[in-house]
2 protein chains.
Amino acid sequence: MAKQIKIKEIAQLAGVSAGTVDRVLHNRGNVSPEKLEAVEKVLSQVGYKFNLHTSAVSLKRGYRFLFITPQVQPGNYWDAQKDGVRQAMEEYSDIHIEILSREYDQFDHTSCEACFNAALGEEVDGVIIAPTFQTETLSFCRELSRRKIPFLFVDASVEGADNAITFCTDQNACGRIAARLADWHCRSGEKIAVVHSGRKNQQRSTNSIAREQGILSYFRESGRENILLHTTLKQSSEVFAETEEFFRQHGEVRSAIVLNSRGYQVADVLRRAGRKDVCLIGFDLTALNRRCLEEGSIAALLCQRPQSQGFYAVKTLIGILLYGKTDPYQTGLIPIDLVMKENLPYYREVIF
Amino acid sequence: MAKQIKIKEIAQLAGVSAGTVDRVLHNRGNVSPEKLEAVEKVLSQVGYKFNLHTSAVSLKRGYRFLFITPQVQPGNYWDAQKDGVRQAMEEYSDIHIEILSREYDQFDHTSCEACFNAALGEEVDGVIIAPTFQTETLSFCRELSRRKIPFLFVDASVEGADNAITFCTDQNACGRIAARLADWHCRSGEKIAVVHSGRKNQQRSTNSIAREQGILSYFRESGRENILLHTTLKQSSEVFAETEEFFRQHGEVRSAIVLNSRGYQVADVLRRAGRKDVCLIGFDLTALNRRCLEEGSIAALLCQRPQSQGFYAVKTLIGILLYGKTDPYQTGLIPIDLVMKENLPYYREVIF
DNA sequence: CGTATATTTGTGCACGAACACAACAGAAGT
DNA sequence: ACTTCTGTTGTGTTCGTGCACAAATATACG
């Protein structure tokens, strides 16, 4: 274990004072080009590493982050994300970080815009965004860039803001796994239903689209011919009945994949349709889905570690603001967890 | 966010000096019963939390841990555990921790005993053990307890050392998941092979036994009748041929579960037997298994996050030694990950 | 050239816990 | 009563960094 070099030593090597090194390290400016160069030269040679602990101790100023997501409801996906944020705050409880949670209606782009505008009125040091509406988010991010406020995404990335750090999962891969599992269940002649559960006229989320593409690519690549049946479960009780009818009539359906986190609704429909034999695959370990997994009405859930996303988003933002590091989590593709009844108990709040 | 109380304030409240509070917090002794009581009373009321950062800064002494495992080989399971240990050391790079890796032959209990004896000759502050031999480990732990050296287990627990912290996965649940996946693949009349891969006369590991029990309990509970076929793959090429013959003859076998991390060997046997149709389920994301998953010769792997185990073992040991906390990770059951070709790329070295 | 202003640079204190050490009290022994 | 010993208690220094402030230097301008 090589001893870590300290700021004072660097100062000595560069022929400057510790204060100047500090200014260079934190991009505080007010450093003459010559000294800047001298310090940076030394830095590049010695491989300085911030001492997280002492930094935290002497840090005086506080930081305020915004965490912008669709509506948080107890036990839902965004609640889990928020829990990860909370855990990160706990880990950094002795440096002053305040995280303000802001929510928008994921079915209403004006509410999202309003949320973004309000955010621009606040004094914040960093923003974590769970994007839904591409164009609105993009213009918001552009304004943040202009103001030099760092931001990053969780849950999904945004096209056009490509170099932004994102913590999400590969939804296409999720789709392919779902397809594979559903396929395992099917004997010849049996079929797979792909269910879109959402409101009427609702714009489909990018995640949902990517998942479906993943499903299609699985069947394209594997050359299997389980013809896919599509059905849409609309968010009103009448159309629930319609989907119920669908499952009653299509006895050849052996597996069903629900493209969003509302698998529990389809589980309910299947129950009413008397189709307990259908193997149901859903997404996200929400409280409602969890119950279905326990009782067996959902066979498997593909999960994206929302806690980890929130947790590392905060951690990364801290890294950027306090230590100017952007590299370590650049890609940030979070593992995809496949949860079934048996391993369910071990996917808890705690981040392992 | 309530402001954290500091040692000085506690001292004031208890009518003692900061030094005395420090002595109480760290069980350093030499505190009169009256003052001890006074301090503890205040402590119980205010809920003091160690400031990790300041502790780390002012910490002068170093700590030495032992990490005792079966042989580490590049890319194997223990290598992954060690990588988690390395990551923890990186996280705590500014407090002086030295971790010595010690290996024993997992097929030879005398080598394990020798390893333990050597360990007792060294000056260490804490020990992390990956247990294989129950009795040997137990007596080693008893000696460690006598010397008041904290220890904990990774990968598996040890019967009789029940209150010891363990980071492992529920192997029974692993077995049930494997059984469920294998079962999904089977149509009526088709069968599942359970493969024990190991040396001749080799004592079966507790993990392997627990997994098999999990498989059996799945079929007992589900009432399904896929008759299980057992075969043992011995570690010598002649018997490889024997197993190859087994798969050639039993065309009704549709899925196979390998009970340890040597799934890649069975994948090889299946290839030679011309049984690419058999759905192979294995354990642990080792380098060799990873390759099989990529090329499709293994369908799924059940993994136990070895990195996390090593990582949290170190983190916990630090917590115990430096801050006297034992509670937070007491149970420490790590999630079981189900890895297939599609989500494989996202299970990397980095702990998320 | 002198003064005012802006920019650069160095110094010193604060942060909170760990721990060495000095100071002190009380008991025991002479 | 005085010394010695033992156990208890408080004080002060230390760690490496952040940041305020003072000091020094450079630049602008009349």
Side-chain angles (χ1 to χ4, degrees), chain A residues 3-40 43 46 48-63 92-97 125 318-319 321-325, chain B residues 3-40 43 46 48-63 92-97 125 318-319 321-325:
Chain A
K3 215 195 80 194
Q4 270 306 314
I5 194 160
K6 280 131 206 164
I7 284 185
K8 267 194 177 174
E9 302 176 52
I10 293 174
Q12 211 158 16
L13 288 170
V16 298
S17 74
T20 304
V21 177
D22 181 69
R23 276 181 282 270
V24 172
L25 284 170
H26 295 277
N27 290 313
R28 284 196 234 283
N30 290 336
V31 178
S32 68
E34 305 89 57
K35 305 235 167 183
L36 180 75
E37 197 195 0
V39 173
E40 280 185 334
L43 280 176
V46 297
Y48 174 72
K49 235 189 83 183
F50 275 91
N51 184 322
L52 184 75
H53 301 303
T54 41
S55 303
V57 170
S58 43
L59 192 69
K60 257 126 205 156
R61 61 161 295 189
Y63 290 89
Y92 290 98
S93 61
D94 25 34
I95 69 181
H96 296 127
I97 297 175
D125 304 292
I318 290 173
L321 283 165
L322 274 68
Y323 311 112
K325 45 178 173 180
Chain B
K3 215 194 80 196
Q4 270 306 314
I5 194 159
K6 279 129 207 166
I7 284 187
K8 267 194 176 174
E9 302 175 51
I10 293 174
Q12 210 159 18
L13 288 169
V16 297
S17 74
T20 304
V21 176
D22 181 70
R23 275 182 283 269
V24 173
L25 283 170
H26 291 91
N27 290 314
R28 284 197 233 280
N30 290 335
V31 178
S32 69
E34 305 90 55
K35 303 235 167 184
L36 179 75
E37 196 194 3
V39 172
E40 281 186 331
L43 280 176
V46 297
Y48 176 72
K49 234 190 82 184
F50 274 90
N51 183 322
L52 183 76
H53 301 302
T54 40
S55 303
V57 170
S58 44
L59 193 69
K60 257 130 208 153
R61 63 162 294 190
Y63 290 89
Y92 290 97
S93 61
D94 25 34
I95 69 182
H96 295 128
I97 298 175
D125 304 291
I318 291 173
L321 282 165
L322 274 69
Y323 311 112
K325 45 177 174 179

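These numbers were taken from a predicted model, which means no experiment stands behind them. Naming convention: chains lettered A, B, ... in sequence-line order (proteins, then strands); numbering from 1 in each chain. Both backbone and side-chain heavy atoms feed into the values below; hydrogens, waters and symmetry mates do not.
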Original post:
How would nucleotides 7-14 of chain D be written as a contact map, 5' to 3', with B for base contact, S for sugar-phosphate-only contact and - for no contact, using protein heavy atoms under 4.0 Å?
Top reply: -BBBB--B

**OP:** Identify the heavy atoms of B:A18 and B:A11 that sit nearest to each other, and give their distance.
**Re:** N-CB, 3.6 Å

Original post:
Atom CD of A:Q12 to atom C1' of C:dG10: distance rounded to whole Å?
Top reply: 14 Å

Subject >> By side-chain contact (heavy atoms from CB on, under 4.5 Å) - contacts of A:V57 (at least two apart) >> reply: B:H53, B:T54, B:V57

Subject >> Rounded distance in Å - CZ (A:R28) to P (D:dC21) >> reply: 14 Å

Original post:
To the side chain of A:L59, which of D:dG18, C:dA18, C:dG16 is closest?
Top reply: D:dG18

**OP:** Scan for salt bridge (charged side-chain N to carboxylate O under 4.0 Å, His left out) pairs involving residues 11-21 of chain A, sequence neighbours excluded, and state none if there are none.
**Re:** none

Original post:
Crowded around B:K49 NZ? As in, over 12 foreign heavy atoms under 6.0 Å?
Top reply: yes

**OP:** Classify the nucleic acid contact of B:H26 as base, sugar-phosphate or nothing, counting any heavy atom under 4.0 Å across all strands shown.
**Re:** sugar-phosphate

Subject >> Set of residues satisfying salt bridge (charged side-chain N to carboxylate O under 4.0 Å, His left out) with respect to A:D94, sequence neighbours excluded >> reply: none

Original post:
Which pairs pass salt bridge (charged side-chain N to carboxylate O under 4.0 Å, His left out) with one or both residues in residues 11-32 of chain B, sequence neighbours excluded?
Top reply: B:D22-B:R28

Original post:
Atom CD1 of B:I7 and atom P of C:dA17: how far apart are they, to the nearest Å?
Top reply: 4 Å

Original post:
Quick one: A:H96 NE2 to D:dC19 C1', roughly how many Å, whole number?
Top reply: 15 Å

Original post:
Whole-Å distance between C:dA17 P and A:D94 CG?
Top reply: 9 Å

**OP:** Whole angstrom is fine here: how far is it from CG in A:D22 over to P in D:dG18?
**Re:** 5 Å

**OP:** Using whole Å, report how far NZ of B:K6 lies from P of C:dC15.
**Re:** 8 Å

**OP:** Indicate whether OP1 or OP2 belonging to D:dG16 is found under 4.0 Å from a side-chain N or O atom of A:Y48.
**Re:** no

Subject >> Shortest side-chain distance from B:F50, nucleotide among D:dG16, C:dA18, C:dC19 >> reply: C:dA18

Original post:
Who are the side-chain contact (heavy atoms from CB on, under 4.5 Å) partners of B:E40, not counting sequence neighbours?
Top reply: B:V24, B:L36

Subject >> Distance in angstrom units between B:Y92 OH and D:dC15 P, rounded >> reply: 23 Å

